[in-house]
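Because the structure is predicted, anything quoted here is derived from the model rather than measured. Sequence positions, counted from 1, serve as the residue numbers for this chain.
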Amino acid sequence: MRRVSEPTYKRFIVGELKRFDESNHVYSRVDRGEVIPLDMIPQDGSSKSAVHRIFTYDPGRTEKRGYGPADYALRWAGRTIDYVARKHLHGREIEPAREPVEVTNVEEMTDLIKRTARWFGADLVGIASLNRLWVYSHWGDHSVQLGLGGRVGEPLELPGYFTNVIVMAVEMDYQHIRRSPAVEAATDLAYSKMGFIAPSMARFVQELGYHAMPSGNDTALSIPLAVDAGLGELGRNGILITDKYGPRVRICKVFTDLPLVHDKPVDLGVQAFCETCERCAQKCPGQALKRGERTAEHNNISNNVNIRKWPVNAERCIRWWFKNRAHCTVCIRVCPFNKPDTGLHRSVRSLVGRTSAFNRLFLWGDDVMGYGRQVID
């Protein structure tokens with residue numbers, strides 16, 4: 001990977017960026033009935049948020065392959081640890097267990113943290129200085145509904161001693177993602193792995209005598225933190241594109257005051273490739289992704305402004321989820337960066353990172369080879 005001095009999103013900032021209010025996140029807006037009427041969302045007698053109750057088995061669709069009771073059962077089973085761990089552990093500071101160990105060699109400590117993160121199950125790990133611009137400005141309905149925050153609309157401020165963030169990514173199973181938009185459990189299992197990895201990493205840091213706070217999707221925007229930590233770049237599909245797994249990852253993080261060496265951002269050639277490729281926008285069943293040029297405008301309050309990108313129309317996306325009765329990862333499935341980690345694909349990714357001259361050829365090859373098509377075994 002080619003390391004660069006500043007993240008590739010920086011050159012697209014055209015005005016003042018402000019912290020995002022989690023109340024404007026589309027999940028929060030669904031939870032309060034703003035995007036989909038609450039009386040239209042199934043009631044299953046559980047404490048699940050409205051967003052999660054969308055994913056409900058419908059006996060009337062049993063004839064449709066990929067939407068059977070076993071498919072939904074695997075999806076909810078994969079989510080088990082996430083529901084337990086997130087409610088009790090994410091977004092909560094873990095106080096130091098002892099006096100801090102003296103860090104005489106920051107490089108060695110950084111290496112230890114990365115090895116430990118991988119031992120816990122992280123597939124990728126990077127470290128960045130905490131940019132508080134990416135921390136949510138206020139708690140939103142979704143985090144409060146899940147028991148992660150205080151009150152809706154309450155300001156969210158991390159303690160000043162949090163200076164670093166350990167960002168970890170978990171691979172989602174390639175074959176299961178190929179099922180989308182049918183029910184796939186790869187996303188849910190990844191969330192459960194996040195629910196184990198982030199609190200475990202925070203506890204390890206705490207046992208070294210330092211402050212730590214584990215986080216999944218809550219508390220702060222994961223993608224810009226991951227970009228800052230050198231894990232990848234933002235793609236047209238609004239998702240982190242990594243070197244090894246493309247967009248097929250989920251992100252968790254730990255905020256800490258442990259002294260660590262920061263990773264440099266990377267340039268994988270994603271920006272140039274996404275400018276040529278519109279595969280995700282063409283194939284999006286909800287027509288929620290933007291074709292053509294970048295824009296600094298927003299679709300609705302669920303987008304941030306003053307940065308030129310391809311803003312996702314989250315309202316269209318979530319309405320398609322509701323119609324589909326399952327979350328959708330088609331934009332991940334069809335992305336040309338979503339490939340098995342083979343020598344051939346590593347070579348192609350390496351070439352894309354060095355030059356954009358062959359991007360159209362690679363897109364043509366994707367079509368010829370049939371990559372990105374739906375496969376339900």
Side-chain angles (χ1 to χ4, degrees), residues 18-61 67 72 75-76 78-80 82-84 86-88 90-91 135-156 180-184 187-188 191 195 215-223 237-239 250 284-290 297-305 311-331:
K18 297 182 179 180
R19 291 169 60 188
F20 189 73
D21 186 340
E22 198 208 1
S23 296
N24 293 334
H25 194 291
V26 74
Y27 285 3
S28 290
R29 297 175 63 203
V30 170
D31 280 345
R32 62 176 180 263
E34 191 175 297
V35 182
I36 302 169
L38 289 176
D39 59 5
M40 293 180 63
I41 296 176
Q43 299 290 331
D44 60 4
S46 74
S47 60
K48 298 167 189 166
S49 70
V51 170
H52 292 169
R53 292 200 310 274
I54 288 174
F55 315 132
T56 303
Y57 168 60
D58 180 0
R61 303 177 73 185
Y67 294 85
Y72 282 93
R75 181 224 181 274
W76 285 115
R79 201 76 179 222
T80 302
D82 172 56
Y83 273 107
V84 174
R86 187 155 36 151
K87 184 172 184 178
H88 297 287
H90 281 190
V135 178
Y136 288 133
S137 63
H138 297 78
W139 287 106
D141 305 66
H142 193 62
S143 285
V144 173
Q145 172 72 25
L146 293 173
L148 302 178
R151 295 185 300 274
V152 175
E154 185 177 45
L156 197 168
S180 188
V183 179
E184 53 86 2
T187 299
D188 304 284
Y191 271 110
S215 169
N217 289 352
D218 55 278
T219 311
L221 297 168
S222 293
I223 292 175
N237 53 11
I239 299 174
R250 292 288 161 177
C284 175
Q287 294 299 290
L289 302 179
K290 187 181 185 307
E297 302 298 318
H298 60 8
N299 295 302
N300 47 64
I301 61 172
S302 292
N303 296 132
N304 223 333
V305 294
V312 177
N313 191 321
E315 293 180 1
R316 289 184 180 180
C317 181
I318 205 72
R319 288 188 182 115
W320 160 252
W321 287 18
F322 176 69
K323 180 181 178 181
N324 190 46
R325 287 290 184 94
H327 55 228
C328 176
T329 50
V330 168
C331 60

message = Would you compute the distance between atom CD1 of I318 and atom NZ of K323 and round it to the nearest 0.5 angstrom?
response = 15.0 Å
task = Identify, with sequence neighbours excluded, every residue that meets side-chain contact (heavy atoms from CB on, under 4.5 Å) alongside A314.
result = V26, S302
ask   = Residues two or more places apart in sequence or in another chain: which of them pass side chain to side chain donor-acceptor pair (under 3.5 Å) with R75?
value = D188
Check: Y136 and S143 side chains under 4.5 Å, non-hydrogen atoms = no
ask   = How would you list, by chain and number, every residue that makes a side chain to side chain donor-acceptor pair (under 3.5 Å) with T329, sequence neighbours excluded?
value = S180, E184
message = Quick check: closest heavy atoms across P311 and K290, and the distance to 0.1 Å?
response = CD-CD, 4.1 Å
note = In this structure, CZ of R319 is separated from CD1 of I36 (nearest 0.5 Å) by 7.0 Å
note = For H142 and D31 the tightest heavy-atom approach is ND1-OD2, 2.7 Å
key: Contact summary for D218 and G216, nearest pair of heavy atoms   = OD1-N, 3.0 Å
ask   = Is the shortest heavy-atom distance from the side chain of Y57 to the side chain of W76 under 4.5 Å?
value = no
Beyond-backbone contact of V51 with F322, side-chain heavy atoms, under 4.5 angstrom = no
remark   = By side-chain contact (heavy atoms from CB on, under 4.5 Å), Q287 pairs with (sequence neighbours left out) R316
ask   = Which atom pair, heavy atoms only, marks the closest approach of N299 to N303?
value = N-OD1, 2.9 Å
query = Who passes ring pair (Phe, Tyr, Trp, His ring centres under 6.0 Å) against W321, sequence neighbours left out?
reply = F55
message = I need the minimum non-hydrogen distance between V135 and A220, along with the two atoms involved.
response = CA-CB, 3.8 Å
inquiry  = Restricting to ring pair (Phe, Tyr, Trp, His ring centres under 6.0 Å), what partner residues turn up for H25, sequence neighbours left out?
reply    = Y27
ask   = Can you list every salt bridge (Lys or Arg N to Asp or Glu O under 4.0 Å) pair that touches residues 136-146, not counting sequence neighbours?
value = R32-D141
key: Close side-chain approach of W139 to E22, heavy-atom, < 4.5 Å   = yes
note = Residue set satisfying side chain to side chain donor-acceptor pair (under 3.5 Å) with H138, at least two apart, ordered chain then number -> none
query = With distance as the sole test, does D58 use its side chain to make a donor-acceptor pair with the main-chain N or O of R325 at under 3.5 Å?
reply = no
message = I'd like to check S137 versus K18 (side-chain heavy atoms, cut-off strictly below 4.5 Å). Are they in contact?
response = no
key: Contacts of type salt bridge (charged side-chain N to carboxylate O under 4.0 Å, His left out), residue R29, not counting sequence neighbours   = E34, E315
remark   = C284 meets the side-chain contact (heavy atoms from CB on, under 4.5 Å) criterion, sequence neighbours left out, with A288, L289
key: side chain to side chain donor-acceptor pair (under 3.5 Å) involving D21 - partner list, sequence neighbours excluded   = S23
ask   = Taking atom types as modelled, is there a side-chain donor on N324 or Y67 under 3.5 Å from an acceptor on the other?
value = yes
Shortest non-hydrogen separation from V30 to A50 and the atoms involved = O-CB, 4.0 Å
key: side-chain contact (heavy atoms from CB on, under 4.5 Å) against N304, all qualifying residues, sequence neighbours excluded   = F20
ask   = Which distance, rounded to the nearest 0.5 Å, do you find between the CD1 of I239 and the CD1 of I223?
value = 7.0 Å
